[in-house]
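Notes for the one structure printed next.
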Amino acid sequence: MLTPVQDMKWLQNINCIFHCPKKLLPFTNPFTFTRQLTLPSFPPNPETLKVLCSNGQLTEALLLMAIIGFGMKFEGYDTLLNACVTRKAIREGQRVHAHLIKTGYHPPVYLRTRLIVFYNKCECLKDARQMLDEMCERNVVSWTAMISAYSQRGYCSEALSLFVQMLRSDTQPNDFTFASVLTSCTGASGFGLGSQIHSLIIKSKFESHIYVGSSLLDMYAKAGKIHEARRVFECLPERDVVSCTAIISGFAQLGLDEEALKLFRKLQVEGMSSNYVTYASLLTALSGLAALDHGKQVHSHVLRCKVPSYVVLQNSLIDMYSKCGSLVYARRVFDNMAERTAISWNAMLVGYSKHGMGNEVLELFKLMREENKVKPNSVTYLAVLSGCSHGGMEDRGLEIFDEMLYCKDGVELEIEHYGCIVDLLGRAGRVEEAFKFIKKMPFEPTAAIWGSLLGACRVHSNVDIGEFVGQRLLEIEPDNAGNYVILCNIYASAGRWEDVKILRELMNQKAMTKEPGRSWIELDQTLHTFHASDRSHPRREEVFTKVRELSVKFKEAGYVPELSCVLHDVDEEQKEKILLGHSEKLAMTFGLIATPEGTSIRIMKNLRICIDCHNFAKFVSKVYGRKVSLRDKNRFHHIVGGTCSCGDYW
DNA sequence: TTAGGGTTAG
């Protein structure tokens, strides 16, 4: 134990090395210094530095560095920098760097590289780059440390250009370099470079390296080249949790949810080990499938096996529960979190928003601001604005948008936020206002924004604006069949059958292909999927007979088939037949047959639900007293007693 | 001394 420093020599030494001891030391005047220093040995020796660093006594270690002064050697600096990296001690690391300069010590490449790593860890990328630039001699490790720093912080183009610079300097990349640089090969240009880097990897014989391979397959998956990703995965001589997770998450991120689930099961049988990232990726796939039973099973497995409840995993659980329609469970996970990130709040807000629960969105947003631990970001505002829109709270939504105009919370307005307002105005029936709003936007309207207004024109029967917007959309997206359908609905509701006919002919000429509609229902952990006029389900005959029966029954109760939903140029009887074959009707009918009376029917659809199926669902709920929960591409529809939570607007 | 997979929105 060293009581208040009285040894003046120490302090003189310190002052000689640091011109500004005030900043470094916890005292301003040697005579007023009262802090007790705990040194493991006295008088201190170079070994003491190691002990201090491993104890986390960085203040003491820096003091000792000052005492040692010009006598500091490689090992001492290495020990100190190591401790600063581990503890992300920015000021202390900077002091070590300053000391190094002041004493005129010329650090070897090794120490300079350590400084790059230190500055990266402290998120001071400019300082890290300066270290690299000032190096006369660089080796593969120093290049890689900087490339990896850029990659980790998302500076992809900087990472790639540094990699090219490295190759030009005739430095051979190693496995670390490849694994790092590949994570920067994202986006349109990234994939081209990524493929070239792949060739280089093959040439350098690193293709079978597990870190390089994982990074490589992830690069392909993120570029949407899932077959290439799978090929790289299959060629790996060994697999570990990261490579397995990378390929599962690759499928899930591309929306290939069933494939992701299948692969997870297969790899599990083959002995794959899983961790919280694997489960988070699996939950993404289950959210897409709205497979609640599976999701619950994963949740209980995670709890049973005591997988650490990292925020990422909990965020995935919130998302899974809300996308499966179980907001109560989602909120329970959210409320029990020890720590929340912006993603946790956003996932919960998006959940409420998609269920049209505007009040809950606003209350949670208020809580987020009151707690003031996590700042709202761009996604938070998207969720809140869209929550106001779906929840029918347009005035509050407009107020929040106005706040954004003044850059509240430092979130900049993006085109998607403007899109939310178009949706909000349109939904509220303020179609002309929405149209004027689009014209005044500081962005060029996208197809999504016009599409949103077109939907409003359909619901609020505004033929004039609808026609203008529809024609505009047909120019921008000539191959999107959905736009033709909505415009046809608008013309049909105005009795403009000649225009409906012209549109149909146009569609036939173009031989348009529409993404096939698909609906599914989960029963006892099994997903039953139906396509339009599906003949593949084992109980298809039963389903088809029943759906025809329902049609007759519902007609007696007032159901009128919405024939304008069918664009094929066929007679009315045929149109009715096509409508009855819609996948969501088949899934609903199957639900009605296969689940006990009085229980809810939960259906998922990959596209937006059509008007006719929406009507049909209302009759299912009214005639059979069943609650129908229908998740389409846009939102949830909770249909009870013939009324839908979406207010017939989606 | 340097490395790979992850959660919200679109």
Side-chain angles (χ1 to χ4, degrees), chain A residues 74 78 81-82 85 107-118 120 132 138-149 151-152 166 173-183 206 209-219 221-222 229 232-233 236 239-250 252-253 274-284 287 310-320 322-323 330 333-334 337 340-351 353-354 376-386 414-417 419-420 446 448 633:
Chain A
F74 172 86
D78 187 33
L81 281 174
N82 231 339
V85 168
V109 180
Y110 180 101
L111 271 189
R112 289 178 191 272
T113 308
R114 267 242 177 264
L115 278 164
I116 295 178
V117 174
F118 160 72
N120 170 37
L132 182 81
R138 299 171 190 180
N139 62 17
V140 58
V141 182
S142 36
W143 281 105
T144 304
M146 194 64 230
I147 290 170
S148 146
S151 289
Q152 285 167 7
M166 172 186 176
N174 64 13
D175 39 354
F176 286 74
T177 326
F178 285 126
S180 294
V181 77
L182 281 169
T183 61
F206 279 124
H209 190 283
I210 190 153
Y211 278 57
V212 179
S214 311
S215 202
L216 192 57
L217 79 87
D218 186 56
M219 183 273 292
K222 291 210 166 81
V232 173
F233 178 72
L236 282 176
R239 294 165 179 178
D240 66 0
V241 62
V242 176
S243 51
C244 291
T245 306
I247 190 69
I248 293 167
S249 115
Q253 281 168 6
S274 305
N275 63 16
Y276 75 102
V277 183
T278 325
Y279 292 115
S281 304
L282 176 64
L283 285 168
T284 303
S287 303
Y310 293 119
V311 181
V312 169
L313 181 53
Q314 289 171 313
N315 292 345
S316 285
L317 283 168
I318 296 174
D319 181 54
M320 181 276 292
S322 77
K323 286 197 176 136
V333 175
F334 178 85
M337 285 172 88
R340 298 183 191 108
T341 61
I343 295 180
S344 329
W345 290 93
N346 294 348
M348 199 62 237
L349 286 166
V350 168
S353 164
K354 293 231 178 207
N377 62 22
S378 157
V379 179
T380 316
Y381 276 98
L382 281 180
V384 173
L385 292 177
S386 126
E414 292 158 13
I415 189 153
E416 288 81 6
H417 298 113
C420 284
T446 56
K633 204 178 179 181

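Each chain gets a letter, A, B and so on, in the order its sequence line appears, and its residues count up from 1. Computed over heavy atoms, backbone and side chain alike; hydrogens, waters and symmetry mates excluded.
- Between Val140(A) and Met166(A), the closest side-chain pair of non-hydrogen atoms falls below 4.5 Å.
- As rounded to whole Å, 12 Å separates atom C1' of dT8(B) from atom CZ of Phe334(A).
- In this structure, Gln253(A) reaches the dT7(B) phosphate: one of its side-chain N or O atoms is under 4.0 Å from OP1 or OP2.
- Rounded to whole Å, atom C1' of dT7(B) lies 15 Å from atom OH of Tyr310(A).
- In this structure, CG of Asn315(A) is placed 10 Å from P of dT7(B), rounded to the nearest angstrom.
- In this structure, of dT8(B), dT7(B), dG10(B), it is dG10(B) that holds the atom nearest to the side chain of Glu416(A).
- Using a 4.0 Å cut-off, some side-chain N or O of Tyr110(A) falls inside it from OP1 or OP2 of dT1(B).
- The base of dG5(B) lies close enough to the side chain of Asn275(A) for a donor and an acceptor atom to sit less than 3.5 Å apart.
- Side chain Tyr276(A) to base dG6(B): a donor-acceptor pair is found below 3.5 Å.
- Using a 4.0 Å heavy-atom criterion, one finds that Thr183(A) contacts the sugar-phosphate atoms exclusively.
- Which of dT1(B), dG6(B), dA3(B) sits closest to the side chain of Ala179(A) comes down to dA3(B).
- Residues meeting the salt bridge (charged side-chain N to carboxylate O under 4.0 Å, His left out) test with Asp175(A), sequence neighbours left out: none.
- Considering only side-chain atoms of Ile210(A), the nucleotide from dG4(B), dT8(B), dT2(B) that sits closest is dG4(B).
- Here dA3(B) is the nucleotide among dT1(B), dA3(B), dT8(B) with the atom lying nearest to any side-chain atom of Ser148(A).
- Residue contacts for Lys323(A): at a heavy-atom cut-off of 4.0 Å it reaches the sugar-phosphate backbone alone, with no base atom in range.
- An OP1 or OP2 oxygen of dG4(B) is reached within less than 4.0 angstrom by no side-chain nitrogen or oxygen of Lys222(A).
- Among the heavy atoms of the strands lying under 4.0 Å from Asn139(A) is at least one base atom, whether or not backbone atoms are also near.
- A straight line from CG of Asn82(A) to C1' of dT1(B) spans 9 Å, rounded to a whole angstrom.
- Taking atom CZ of Arg138(A) as the reference point, atom C1' of dT2(B) lies 15 Å away to the nearest angstrom.
- For dT2(B), the OP1/OP2 oxygens have no side-chain nitrogen or oxygen of Ser180(A) closer than 4.0 Å.
- Side-chain contact of Thr341(A) with Ser344(A): a donor-acceptor pair under 3.5 Å is present, judged by distance alone.
- In this structure, Leu317(A) reaches neither bases nor backbone, as no heavy-atom distance under 4.0 Å exists between it and the strands shown.
- When the P atom of dG6(B) is taken as reference, atom CE of Met320(A) falls 20 Å away, rounded to whole Å.
- A donor-acceptor contact under 3.5 angstrom links the side chains of Asn174(A) and Thr177(A), judged on distance only.
- In this structure, CG of Leu81(A) is placed 13 Å from P of dT1(B), rounded to the nearest angstrom.
- Under the side-chain contact (heavy atoms from CB on, under 4.5 Å) test applied with Asn315(A), the options Met337(A), Arg340(A), Met348(A) reduce to a single match, Met337(A).
- The base of dG4(B) has none of its N or O atoms less than 3.5 Å from a complementary donor or acceptor on the side chain of Ser215(A).
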Stepwise side-chain hydrogen bond (donor to acceptor under 3.5 Å, both in side chains) test for Asp218(A) and Ser215(A): CA-CA 5 Å; Asp218(A) 186 56; Ser215(A) 202; over 6 Å; no
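- The residue Asp240(A) sits close to a base: some heavy atom pair falls under 4.0 Å.
- Residue Gln152(A) is classed as a sugar-phosphate contact, given heavy-atom separations below 4.0 Å to backbone atoms only.
- The separation between Met146(A) atom CE and dT2(B) atom P is 15 Å, rounded to whole Å.
- Side-chain N or O atoms of Ser151(A) include one that pairs as donor or acceptor with a backbone N or O of Ile147(A) at under 3.5 Å.
- Nearest nucleotide to the Val277(A) side chain, out of dT7(B), dG6(B), dG4(B): dG6(B).
- Residue Ser243(A) has no polar side-chain atom (N or O) positioned under 4.0 Å from OP1 or OP2 of dG5(B).
- Note on Val241(A): a base of the nucleic acid sits closer than 4.0 angstrom, heavy atoms only.
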